[in-house]
Protein chains: 2
Amino acid sequence: MPRPRHQPLPLADGPAPERADAARNREVLLAAARQLMLSEGICAVSMDRVARLAGVGIGTVYRRFTDRCGLALALLGDSERQFQAAFLTGPPPLGPGAAPETRIRAFLHCYIDRLETDAELHAIAETSSPTGRYNNGAYRTARTHLSWLLTEAGAQDPAYHADALLTLLSAGLFQHHRHELHLSPERIKAGLDSLVTGLLSQGTPSPN
Amino acid sequence: MPRPRHQPLPLADGPAPERADAARNREVLLAAARQLMLSEGICAVSMDRVARLAGVGIGTVYRRFTDRCGLALALLGDSERQFQAAFLTGPPPLGPGAAPETRIRAFLHCYIDRLETDAELHAIAETSSPTGRYNNGAYRTARTHLSWLLTEAGAQDPAYHADALLTLLSAGLFQHHRHELHLSPERIKAGLDSLVTGLLSQGTPSPN
DNA sequence: GTATCAAACGGAAGACGCTCCGCTTAACCG
DNA sequence: CGGTTAAGCGGAGCGTCTTCCGTTTGATAC
């Protein structure tokens with residue numbers, strides 16, 4: 001009969017502690033993926049090759065990262081954490097202190113800058129199911145934040161428009177604008193800016 | 001020595017005439033794909049099964065439709081042609097005759113209705129490369145049209161905002177809104193409408 | 001009818017994502 | 001330390017998309 005496992009600390013249970021070998025493998029795998037990416041480009045980062053370069057079985061890659069998108073998301077983890085810290089608790093204009101509208105623009109500009117450096121990785125991270133993009137922690141945090149800023153700024157329908165703005169930050173659209181239509185990042189930011197202006201020109205008919 | 005082929009009619013050369021067996025196979029394959037879709041759902045529509053049900057080799061499917069997205073696009077062909085006819089030459093509010101702003105809204109609403117009936121097929125059609133969605137005839141026609149309407153309506157930066165609006169009509173976002181957030185089609189249309197209002201509230205400062 | 005050739009065909013083979021399941025091992029307890 | 005258990009591991013195998021290339025065939029000219 002399976003005896004109930006004793007709970008050493010019933011307080012503050014996170015999403016489950018990771019065993020030592022698991023944590024080790026996570027790092028080894030991320031390192032392998034990064035190396036593959038740097039030396040041969042994104043296309044070379046297949047689950048199979050990452051596993052072999054890391055010296056583990058494929059099953060392990062999936063156990064650690066769920067799927068290819070999960071691996072991409074993990075590779076973006078540092079960038080993501082930095083970004084979140086910046087818009088949640090960092091200095092203005094991105095962080096608290098600036099006017100909501102200013103923060104929204106800063107958020108969008110910063111996101112475009114992130115795409116400029118890591119568009120391909122973002123593209124993979126958005127690849128799973130059609131709705132996969134909308135179902136991960138990073139997306140939800142961003143949406144919640146944007147939605148709140150839009151509310152603060154007095155916009156109509158913040159929930160819808162938060163999703164709308166984030167959809168305009170999809171890697172696919174960015175790559176199309178950037179590398180097929182040859183728009184500069186500034187041009188893209190300007191487009192987003194005018195959209196924000198439009199969004200905020202309604203809602204609060206006159207902010208007096 | 002290869003003798004030069006005689007040209008029967010040097011006038012009006014289309015994108016290349018399709019040989020009889022090729023045209024026949026195209027129809028057989030589309031029928032097979034439709035049947036599979038109706039009887040077992042979109043997931044059952046794999047290139048392999050379509051080929052077998054049609055009684056041809058897989059190579060033929062690829063020769064006729066290039067890839068899976070091409071097949072999906074072909075399945076949407078009728079709907080697409082109807083839609084194009086409607087907004088290019090049909091009656092108002094979608095076609096010529098109504099005010100540009102009215103036509104823009106009608107365009108978006110109509111697109112949402114199309115997604116409501118064929119979201120899954122659209123999702124597959126948007127699946128190829130990250131930028132695949134932006135590189136097919138249907139997309140380009142829609143973009144040109146929207147861009148022109150935006151110009152007529154006096155919007156700023158019509159080129160950018162045409163892409164923006166079309167990106168908000170992606171199947172992935174629609175499915176997320178519709179089936180995960182449980183928004184009604186009307187709710188989605190309202191969101192798009194308020195965006196359009198914002199877009200057009202600038203540009204022409206006062207249309208007098 | 002016959003010759004010719006580009007177009008079309010078929011299906012084997014490759015690459016990749018992902019699943020499944022039997023075996024191994026870290027972690028914890030007494 | 002030895003027992004117990006959940007977590008982790010490995011890799012064969014499946015399904016799918018896609019490519020490649022040798023063979024076949026429809027269309028045309030003569």
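Chain naming here is simple, since letters A, B, ... match the order of the sequence lines and numbering starts at 1 in each. What's counted below: heavy atoms across the whole structure, side chains too, no hydrogens, waters or symmetry copies.
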Inset, instruction - Could you walk me through whether A:Gln202 and B:Ser194 pass the side chain to side chain donor-acceptor pair (under 3.5 Å) test, one step at a time? - result: CA-CA 9 Å; A:Gln202 342 171 37; B:Ser194 84; 4.6 Å; no
Among [options], the nucleotide that comes nearest once only the side chain of [X] is considered:
X: A:Arg63; options: C:dG10, D:dG8, C:dC18; value: D:dG8
X: A:Asp21; options: D:dG8, C:dC9, C:dG11; value: D:dG8
X: A:Ser46; options: C:dA27, D:dC17, C:dC16; value: C:dC16
X: A:Arg68; options: C:dG17, C:dA26, D:dG8; value: C:dG17
X: B:Ala22; options: C:dC18, C:dC9, D:dT19; value: C:dC9
X: B:Ala20; options: C:dA27, D:dG10, D:dA27; value: D:dA27
X: B:Arg64; options: C:dT19, D:dA27, C:dC9; value: C:dC9
X: B:Asn25; options: D:dC9, D:dT16, C:dA8; value: C:dA8

Distance check needed: [N] [atom2] versus [X] [atom1], whole Å only.
X: A:Asp48; N: D:dG13; atom1: CG; atom2: P; result: 15 Å
X: A:Phe65; N: C:dC16; atom1: CZ; atom2: P; result: 19 Å
X: B:Leu71; N: D:dC17; atom1: CG; atom2: C1'; result: 12 Å
X: A:Glu27; N: D:dG8; atom1: CD; atom2: C1'; result: 16 Å
X: A:Met47; N: D:dG13; atom1: CE; atom2: P; result: 21 Å
X: A:Arg24; N: C:dA27; atom1: CZ; atom2: P; result: 8 Å
X: A:Ile58; N: D:dG8; atom1: CD1; atom2: C1'; result: 16 Å
X: A:Tyr62; N: D:dC14; atom1: OH; atom2: C1'; result: 13 Å

Inset, instruction - For salt bridge (Lys or Arg N to Asp or Glu O under 4.0 Å), just list the numbers for B:Lys189 and B:Asp113, CA-CA rounded to whole Å, side-chain angles, deciding distance to a tenth of an Å, and then say yes or no. - result: CA-CA 10 Å; B:Lys189 291 177 187 175; B:Asp113 290 335; 2.9 Å; yes
Inset, instruction - Return no unless some side-chain N or O of B:Thr60 is found under 4.0 Å from OP1 or OP2 of C:dG10. - result: yes
Legend entry - Whichever of A:Glu18 and B:Cys43 has its nearest DNA chain D nucleotide further upstream toward 5': A:Glu18
Inset, instruction - Please confirm whether any donor atom in the side chain of B:Arg19 sits under 3.5 Å from an acceptor in the base of C:dA7, or the reverse. - result: yes
Inset, instruction - Report the relative orientation of the aromatic rings in B:His122 and B:Tyr111; use parallel for angles under 30°, tilted for 30 to 60°, perpendicular for over 60°. - result: tilted
Legend entry - Close side-chain approach of A:Leu181 to A:His176, heavy-atom, < 4.5 Å: yes
Inset, instruction - Just need the stems in DNA chain C: three or more back-to-back Watson-Crick or G-U pairs, each with both distances under 3.5 angstrom, sorted by first number. - result: C:1-30 with D:1-30
Inset, instruction - Go through the steps to decide whether A:His177 and B:Tyr134 satisfy the test ring pair (Phe, Tyr, Trp, His ring centres under 6.0 Å), and finish with yes or no. - result: CA-CA 10 Å; A:His177 277 162; B:Tyr134 306 99; 7.3 Å; no
Inset, instruction - Pull out every residue in residues 129-137 of chain B that has a heavy atom closer than 4.0 Å to any atom of DNA chain D, ordered by number, or say none. - result: none
Inset, instruction - Inspect the contact between B:Asp78 and B:Arg81 and indicate whether a charged nitrogen and a carboxylate oxygen are less than 4.0 angstrom apart. - result: yes
Could you verify whether a donor N or O on one side chain and an acceptor N or O on the other, from [X] and [Y], lie under 3.5 Å apart?
X: A:Arg105; Y: A:Thr197; result: yes
X: A:Ser79; Y: A:Arg114; result: yes
X: A:His109; Y: A:Asp193; result: yes

Legend entry - B:Phe83 ring center within less than 6.0 Å of B:Phe107 ring center: yes
Legend entry - Earlier contact from the 5' end, DNA chain C, for A:Gly59 and B:Gly59: B:Gly59
